[in-house]
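Here the structure comes first, spelled out in structure tokens, and everything after it is commentary.
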Amino acid sequence: MWDLERQGIISRSGTLIAQNDNMVSINSCVQVDLMGQVASESIGYKQISGTGGQVDFVRGAARSKGGRAIIAMPSTVKGKISKMVPLLDEGLIQIAHPDFREDLIRVCEQRFGRNLKL
């Protein structure tokens, strides 16, 4: 089992991916905000997929000579809810280590002018 996991990590290495000229990475997402942040694994508190190698392939393709990374998605959910939002849905600050939660909440409130209720 360890060998299979090790091989997976090696195959997802952004450095190795970048060695392929003209590499194109096409990934999907569930939400994009106006700051350019992309949510691919969760919407707010709801986890909708497992973690994977998306970031590795995006970075590897972007560093590849002639390569590019593409994030593709429909613009709406069922034609009624925009997937392009001002800010990503609030995430999981409460999973941060307790020593850092207060600072995360303070910075988020300062930056985005929101009072977080945890």
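By convention here, the first residue in the shown sequence is residue 1. Quick caveat, the model's predicted, so the values are computed rather than measured.
- Between T15 and R63 there is a side-chain heavy-atom pair separated by less than 4.5 Å.
- Closest approach of L88 and A39 over heavy atoms only: CD2-CB, 4.1 Å.
- No more than 12 heavy-atom neighbours from other residues, nucleotides or ligands sit within 6.0 angstrom of CZ on R68.
- Counting only heavy atoms from C-beta outward, the side chains of I70 and N27 never approach each other to under 4.5 Å.
- The CG atom of D89 sits 7.0 Å away from the CD1 atom of I43 when rounded to the nearest 0.5 Å.
- Counting heavy atoms from C-beta on, the side chains of V38 and V30 never come closer than 4.5 Å.
- For the pair M73 and S28, the minimum side-chain heavy-atom distance is 4.5 Å or more.
- Residue Q54 holds its CD atom at 7.0 Å from OG of S25, rounded to the nearest 0.5 Å.
- For the residue pair S40 and C29, the shortest heavy atom distance occurs at OG-CB, 3.6 Å.
- Counting only distance, with no hydrogens or angles, the side chain of T76 and the backbone of S82 share no donor-acceptor pair below 3.5 Å.
- Counting only heavy atoms from C-beta outward, the side chains of V32 and Q37 never approach each other to under 4.5 Å.
- Residues V24 and A61 share a closest heavy-atom pair of C-CB, 4.4 Å.
- A72 and I26 get closest at one heavy-atom pair: CB-CG2, 4.5 Å.
- No donor-acceptor distance shorter than 3.5 angstrom exists from the side chain of N20 to the backbone of M23, with no hydrogens or angles considered.
- Applying the 6.0 Å contact sphere to CZ of R59 captures no more than 12 heavy atoms from other residues, nucleotides or ligands.
- Atom OG of S64 sits about 5.5 Å away from atom CG of D21, to the nearest 0.5 Å.
- With a 4.5 Å cut-off on side-chain heavy atoms, K83 and S75 do not count as touching.
- Checking E41 against S49 by side-chain atom types alone, no donor-acceptor pair falls below 3.5 Å.
- With a 4.5 Å cut-off on side-chain heavy atoms, L87 and M35 count as touching.
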